[in-house]
Each structure stands twice: as structure tokens, then as C-alpha cells.
Protein chains: 2
Amino acid sequence: MGKIVIKRQSLTEQIKSILIDRIIAGTLNPGDRLKELQIAEEFGTSQAPVREAIRSLQALGYVEHLPHVGAQIKTFSQKEIEEAHQVREALEGHSLILANVEIETLVEELNKHTKTMHQAMSENNNATFSMADNLFHRTIVESSGNKQMLSIWDSLRMQLQVIATIVEAATPLDKLYALHPPIVASLKRKHRENAGRFLAEHYREIGTYWDTLS
Amino acid sequence: MGKIVIKRQSLTEQIKSILIDRIIAGTLNPGDRLKELQIAEEFGTSQAPVREAIRSLQALGYVEHLPHVGAQIKTFSQKEIEEAHQVREALEGHSLILANVEIETLVEELNKHTKTMHQAMSENNNATFSMADNLFHRTIVESSGNKQMLSIWDSLRMQLQVIATIVEAATPLDKLYALHPPIVASLKRKHRENAGRFLAEHYREIGTYWDTLS
DNA sequence: CACCCTCATATTATCGATAATAGATAAAGG
DNA sequence: CCTTTATCTATTATCGATAATATGAGGGTG
């Protein structure tokens, strides 16, 4: 029966998602402090669920927590961002080898995303481009059929989203776009190792752009 | 001055480490429930720090939490263990490519661990073997100079420690041992790609042993 | 002026108590 | 005898209040 399930979410969960939304939306910026009681007052709750929400944001890598001092939205050093890129490259590269699904299906889906990128590029729509770019890479990891791998990949999203926006604002989208079709093309020919090489090339280039910016 | 710093750790931290110790030591087994008030009573604290400690164990992947039901030590399915292996292979493989340190130094350290393994093997000391095996692989990831990669690798320890013990108890240590020297040998000749291949071989074999056991 | 205290203040960490919930058990109805 | 509904119980989730702590301001001292 199509009974509507009203999911009673705990306060902690609700607060957590609101805070995450704010971080992603940029209402909360890196460096901002999260004061438990202040937030509690805003939501009309006690300190406890806010505190728990913050701790769980910490586990997700959104905030940094110092004992007896408090939490603040995490700022990412250049080194950390480089590291995150390397981890992603490792995961994506290995996913290409594992790829469980039909290569055809994977290629098709990847093509969908490159098309979106292409479209966004011609409209100079950075937000859409960024999203499609993200989905492209996520699709690769998804194809491994390894949930943990995907969840780890996702956990790095926060750090990289920041820089992605910056890089994509400062770099010609066509150059970024051009890094993707070769990967798909290699896959289409079932040359997984080659696809891996183009993936490495992709990350090498991103690194270069990032370096020139910072 | 050599003044001894008594680190005043928060109750949460203390409880957390005690619980982790118990999980690793096997005092707490997969499936066991963690009841907040019961643990609180044992430690003579209130519910709050226990609850926080448990949530942080959850973040670390040691326990599973169900709303309004509670937490229990996580049990790992075969699928999850396989996934964890794949993630480790991805990270180690990419670390071999990144390896920042002098290859010589790396080779030397890896040799140290293979020697320990060899020694433990001849004494049929599974515990030592397992530890050296672990260190061997951890050293590889460490050599990448990527802290996040190492910390993710570490986070998979829990799941794999369980199976490592089982596999190593049931598989001739010499077969397991034999999988490592080729990796070092390739590295010594600066053939990183080859080293990667032997690493893949290593994980393939472990997977085989694991399959026959379950 | 630099340094080391002391104290005030803002905020986290912890407490003990209560409310809310899931799951088990018993009762009711067909 | 089975199914559904009500009640009970163990436990988590949340509350409001208090204790403990870090940080910064001021004030004294060399």
C-alpha cells in the first residue's frame, strides 16, 4: 500500500543535515566556529543533539574539533587537497580495473556526463559543469560495485568541492573537458590500463592548474 | 625539563580507547551490544561521555548504530571484507607509484618486515607473522607521504584483522610469505609497475585462500 | 617594555533526571 | 489457533543545570 511513511528523524539528524546544507551552500564558511549553545538556541533544542550533530560532522570531515575549544568548519591546506586528489585517483584507477558492470553500460553513462559537461561548457555554466564532472568520476567508482570504495570517495567530496569550484572558475572549461573523452574512448576499446593512464593524466593536469592558482 | 605531562584526557576519549582495546583484544565480540547506561555505571560516569564514545566508535567503523535501539560491535560480511581488500589494494598500488621516499630506504624497510615474517614463519608464530605482514603493507602506504591515504588504510584495519587471523591460522605461512619478496625485488629494480602486479597477485591469492575457508 | 600571574568570561564537558521509542509480552477478538 | 491490539519494559534521545577548561584582559613586577 502506498502508505506515506512519515519518518520521524531524530533532532540530531535534522540538525546535522541542516548544518551540512549550510556548509555546502556556503552560508557557513571554512574557519567559522560552531557554538553549541548558540546553535541549540537557534533551533530551540538543548545542547545535546547539537553537540552530537557536530561530532558527526567531524567524523564526516566537515569540521575540526579541538578539546574544550570547540568546532570550526574545516579549512583545507594545499597539501590536504593534493592528498585527497591522490586518494581519489587511486580509487578511480582501481575501479576501472574492477569494473563489474557491462563496460558498454559504463561507457554509455560516462558519455552522458561528458555530454552534459560539453553542454555546460558552451553555456559557460560552471556549476553544471562541476556537477557533471563530479558525476563522471563518481560513476567510475560506482562501477566497481564496491560500496566502501564509493563511500570513501564520497567522503573526500567536501575538500575537493571547494577547489573544484575555484579551478573551474579560473580554467578554461574546454581544457578540463578535453581530459575526459580519452578515458571513455579507451574504455570503449576495453583498454582498461590505457583508461587508467588517461585518468592519471587528468589528475596531473588538474594538479597543474591548481598549482598555478595558489 | 623532563616534567611528566599528565594528559588530562576527556572521559569520552578514555572510554573510547578502553572500548577499542576491548574490541581488539576480543573481550567484546562482533554482535555484542553496547548499552550506554550499563557502561556508564561500570566506569562511574554519566551516560553522556559513553554515548559520545560510542558514536565515535561508529565513525571509526567499529560499531553499528540503530536509532532508538543502540549500538553493537560490527560484524563483517564476506562482501565487506572483499571490498576492504580491494580498497587496500587500490591504496597500496597507487602508493607504489607515488612513493616519495628513497626507493632504497623503502626497500630496506620492507626487507626488515619480510625478514620478521620469515623468522615468525619458521617458529610458526602466527601473531608475529600477522603483525609483520600488516606492517609490510602499511609501510608501502606510508611511503606515499600521503597522510589521508594512510589514515584511510588504517581505518580498514578492524575488518581485515579478523580475517587475517583466520586466514593465517589456516594457510601455510610459507605460501603467504612467498607473496611478498617479489614485490620488494621489483621495487629494488625500480620497476614500480611490476611491483604493482605482484601486489595484485598477492591480493588475488589472499582472496583465494579466504574463499576456500568460507 | 617584556614577562608572569590572577582573574573574569565564554564555551565545552559532564551530570542526573525525564521523555520518547522499539521490542517484548500479554490480552482481546475473530 | 491465529491475528491484532494494548500494555509493559528496557534503552535511547533529549533536557536543563552545573563543573571544568581555555582564552584573553588586566595588573603587577623585574
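Convention: sequence-line order gives letters A, B, ...; per-chain numbering from 1.
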Please answer whether the main-chain N or O of [Y] pairs with a side-chain N or O of [X] as donor and acceptor at a distance below 3.5 Å.
X        : Y        : answer
B:Asn146 : A:Glu83  : yes
B:Arg192 : B:Leu96  : yes
B:Thr27  : B:Ile23  : no
A:Glu82  : A:Gly207 : no

Report task. Using a 4.5 Å cut-off on heavy atoms from C-beta on, say whether the side chain of A:Leu160 contacts that of A:Phe76. Result ->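 No, too far: nothing below the 4.5 Å cut-off.
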
* To do: Check the pair A:Glu42 / A:Arg22 against salt bridge (charged side-chain N to carboxylate O under 4.0 Å, His left out), numbers first and verdict last.
  => CA-CA 14 Å; A:Glu42 178 188 348; A:Arg22 289 189 184 170; 2.7 Å; yes

Checklist entry - Taking everything shown except A:Lys115 itself, do over 12 heavy atoms lie less than 6.0 Å from its NZ? => result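 Counting other residues, nucleotides and ligands, NZ of A:Lys115 stays at 12 neighbours or fewer.
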
Counting only heavy atoms not in B:Glu108, do more than 12 sit closer than 6.0 Å to its CD atom?
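Result for CD/B:Glu108: open.
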
How many whole angstroms separate atom CD of A:Gln9 from atom P of C:dT21?
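Taking CD of A:Gln9 and P of C:dT21, I get 13 Å after rounding.
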
inquiry  = In this structure, how many angstroms lie between the P atom of C:dA17 and the CD atom of B:Glu41, rounded?
reply    =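 In whole Å, C:dA17 P lies 13 Å from B:Glu41 CD.
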
Provide a list of protein-nucleic acid N or O atom pairs under 3.5 angstrom, restricted to nucleotides 5-7 of chain D.
none

Hey, what bend do you get for the helix from C:dC1-D:dG30 to C:dG30-D:dC1 if you fit axes on five pairs at each end, rounded to 10°?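 Axis angle across the helix from C:dC1-D:dG30 to C:dG30-D:dC1, nearest 10°: 10°.
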
Protein heavy-atom contacts under 4.0 Å, written 5' to 3' over nucleotides 7-13 of chain C as B (base), S (sugar-phosphate only) or - (none), form the string ----SBB

**Q.** Donor-acceptor side-chain pairing of A:Glu64 and A:Gln72 below 3.5 angstrom
**A.**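 Short answer, no.
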
My understanding is that only one of A:His202, A:His113, A:His180 makes a ring pair (Phe, Tyr, Trp, His ring centres under 6.0 Å) with A:Phe136; could you say which?
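Exactly one pass, corresponding to A:His180.
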
